Amino acid sequence: MNVLELSEQEIVRRQSLQELRDMGIEPYPAAEFPTNAFSEDIKNDFKDEEEKREVVIAGRMMSRRVMGKASFVELQDSKGRIQVYITRDDICPEEDKTLYNTVFKRLLDIGDFIGVKGFVFRTQTGEISVHAQSLTLLSKSLKPLPIVKYKDGVAYDKFDDPELRFRQRYVDLIVNDGIKDTFLQRATVVRTIRRVLDEAGYTEVETPTLQAIAGGASARPFITHFNALNVDMYMRIATELYLKRLIVGGFEGVYEIGKNFRNEGMDRNHNPEFTCMELYVQYKDYNWMMSFTEKLLETVCIAVNGSTERKVGDNVISFKAPYRRLPILDAIKEKTGFDCNGKSEEEIRAFCLEKGLEVDETFGKGKLIDELFGEFCEGTFIQPTFITDYPVEMSPLTKMHRSKPGLTERFELMVNGKELANAYSELNDPLDQEERFKEQMRLADKGDDEAMIIDQDFLRALQYGMPPTSGIGIGIDRLVMLMTGQTTIQEVLFFPQMKPEKKIPQSSIKEWGEIGVSEEWAYVLRKAGFNLISDIRDEKAQGLQQKIGDINKKYKLGYEKPSVNDIQAWIDAAANVAVVTEEAE
């Protein structure tokens with residue numbers, strides 16, 4: 001990277017880096033720095049009456065107040081922040097005071113990692129602090145942090161732009177309070193689910209992420225190419241069909257917590273790459289799974305929040321069991337007055353069109369009902385509600401309802417207006433399953449790009465016999481949103497998918513060379529604000545010479561200044577390039 005592509009502070013920090021190395025100080029030491037304490041533990045365990053406690057701590061320097069021979073530093077480690085008191089004579093007991101006067105005061109910067117050995121004490125203002133007796137540089141920061149400043153209770157220079165926060169999560173975690181807590185709570189959610197499932201005797205397993213057939217859900221897959229086999233493969237959209245194979249193989253219960261991938265839109269509730277927990281247990285049905293699920297979620301909420309309630313936006317949601325159970329057709333009738341029971345595909349489509357929904361001939365009966373529910377019902381269920389008994393057209397992997405013809409034993413759990421879980425009494429009749437797959441293929445032929453593909457190996461597995469089984473999928477990201485009170489999925493993903501980062505359009509160094517500008521002067525021109533060749537075409541040669549000469553002097557580059565005639569030649573060539581470009585357009 002050319003030095004002129006850096007900011008002023010970045011240039012100064014790199015100069016400090018080199019000066020440290022010239023002094024024999026390695027800014028990135030390889031040796032272990034053993035610590036024995038964390039900031040929060042030191043403050044929680046401190047007692048005024050106890051003898052001096054020796055500690056070794058390390059972390060990032062977040063602020064510094066230099067007051068002559070003494071200074072205060074705020075050190076941030078993995079658990080929090082603590083004040084460190086540093087004096088010149090304590091860390092430089094010999095005559096040489098370079099470590100304090102030069103290294104600490106001038107060459108270290110906010111954001112650097114340092115290690116401190118010292119003892120714990122309480123300052124005159126009552127703040128528990130560490131009195132440093134030695135100081136070690138552990139890592140030099142070359143980019144300045146966006147440190148928030150406060151004046152009269154007003155925050156300045158806040159790092160709160162969502163685009164920057166999600167793209168540069170590492171900075172977000174450093175400077176914004178509470179961000180790390182959300183992800184620690186996420187870890188508690190996953191850890192609690194694992195504990196409950198493990199204690200129930202179920203086995204955590206792993207299944208392929210690359211699959212020959214994208215099955216187990218209705219969704220658009222990501223497609224990739226497997227070079228070794230010269231075949232196209234799919235990133236999995238669900239783990240369902242592989243987990244059921246393991247039930248066929250004799251496991252009592254299996255679960256997987258892993259990534260699924262759906263090549264669909266991004267919004268506040270959807271990320272194309274998401275985490276899902278799927279569980280399958282033999283000899284169970286969807287009624288048992290409803291009871292199990294509400295107890296699981298109640299346990300998770302208590303583990304994360306200490307109670308069965310959580311405020312999300314304006315809503316206080318109670319995860320205390322039991323939850324309401326409502327058949328989907330009853331829900332649609334309740335919200336719209338239209339009874340889908342006994343209605344044909346054409347009648348349901350006509351009602352959808354009457355209500356202004358965008359549906360067409362590719363939509364089968366199941367998708368039409370799904371559209372009605374999504375538009376008029378889904379967002380109205382704030383408290384946990386099991387929506388049950390879906391039509392068979394919507395549920396190609398679900399067992400037919402034992403007492404309601406045309407319906408299946410399926411539920412979706414709605415919370416805060418969104419689907420959180422999807423579960424079935426699993427279809428284990430291989431002949432019925434084959435017919436359901438064929439119907440999905442007919443929908444695909446009509447243009448439904450989310451219809452399932454026939455998985456012949458899964459059908460073969462079913463033909464060996466699968467016991468009565470219930471299965472469920474729970475969206476971990478949405479569950480974490482609920483348990484942490486977040487209203488966007490991006491807040492609970494370390495690195496959510498983002499649009500490509502916007503870059504300032506720039507003419508390449510090669511393009512500058514084509515009009516006679518050398519590489520070093522091309523970078524100088526960029527630093528002066530001329531990113532495109534066309535930017536210089538209206539400049540005066542003498543004025544442009546002055547601008548780039550000032551940068552040459554400011555940064556002590558020592559480049560031989562081009563003559564006014566040379567610069568006029570650049571300007572003329574830039575004007576000619578612009579004319580040619582305009583004519584081509």
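Counting begins at 1 with the first residue of the sequence. Quantities reported herein were computed from a predicted structural model and do not represent experimental measurements.
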Participant: Can you tell me how the ring of H401 sits relative to the ring of Y286, calling it parallel under 30°, perpendicular over 60° and tilted otherwise?
Facilitator: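 Ring orientation, 0 to 90° scale: perpendicular.
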Participant: Distance under 6.0 Å and angle within 45° of the ring axis: does K79 meet both against F38?
Facilitator: yes
Participant: Do the side chains of R349 and E345 get close enough for a salt bridge, i.e. N-O under 4.0 angstrom?
Facilitator: yes
Participant: Identify, with sequence neighbours excluded, every residue that meets side-chain hydrogen bond (donor to acceptor under 3.5 Å, both in side chains) alongside D45.
Facilitator: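 So D45 forms no side-chain hydrogen bond (donor to acceptor under 3.5 Å, both in side chains) with any residue.
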Participant: Partners of K438 by side-chain hydrogen bond (donor to acceptor under 3.5 Å, both in side chains), sequence neighbours excluded?
Facilitator: none
Participant: Kindly say whether E40 contributes a backbone atom to a donor-acceptor pair with the side chain of R81 at under 3.5 angstrom?
Facilitator: no
Participant: Please check if atom NZ in K143 has more than 12 non-hydrogen atoms from other residues, nucleotides or ligands closer than 6.0 Å.
Facilitator: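 Counting other residues, nucleotides and ligands, NZ of K143 stays at 12 neighbours or fewer.
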Participant: F46 ring centre to K43 NZ or CZ under 6.0 Å, with the angle to the axis within 45°?
Facilitator: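 Output no; distance or angle outside limits.
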Participant: Is the closest basic N to carboxylate O distance between E240 and R245 below 4.0 Å?
Facilitator: no
Participant: Indicate whether the side chain of E278 and that of Y280 have a donor and an acceptor atom separated by less than 3.5 Å.
Facilitator: yes
Participant: Should the pair E426-R410 be classified as a salt bridge under the 4.0 Å nitrogen-to-oxygen rule?
Facilitator: no
Participant: My understanding is that only residues two or more places apart in sequence, or in another chain, count here; which of them pass side-chain hydrogen bond (donor to acceptor under 3.5 Å, both in side chains) with D339?
Facilitator: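 Listed in chain order: N341.
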Participant: For residues 250-276, which residue pairs qualify under ring-ring contact (aromatic ring centres under 6.0 Å, His included), counting only residues two or more places apart or in two chains?
Facilitator: none
Participant: Under the side-chain hydrogen bond (donor to acceptor under 3.5 Å, both in side chains) rule, what pairs show up with a residue in residues 311-320, not counting sequence neighbours?
Facilitator: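 Qualifying pairs, neighbours excluded: N315-N416.
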Participant: Can you name the side-chain hydrogen bond (donor to acceptor under 3.5 Å, both in side chains) partners of S39, sequence neighbours left out?
Facilitator: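 side-chain hydrogen bond (donor to acceptor under 3.5 Å, both in side chains) list for S39, sorted by chain: D77.
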Participant: Test ring-ring contact (aromatic ring centres under 6.0 Å, His included) on F222 and Y234 and set out the steps.
Facilitator: CA-CA 6 Å; F222 284 94; Y234 301 95; over 10 Å; no
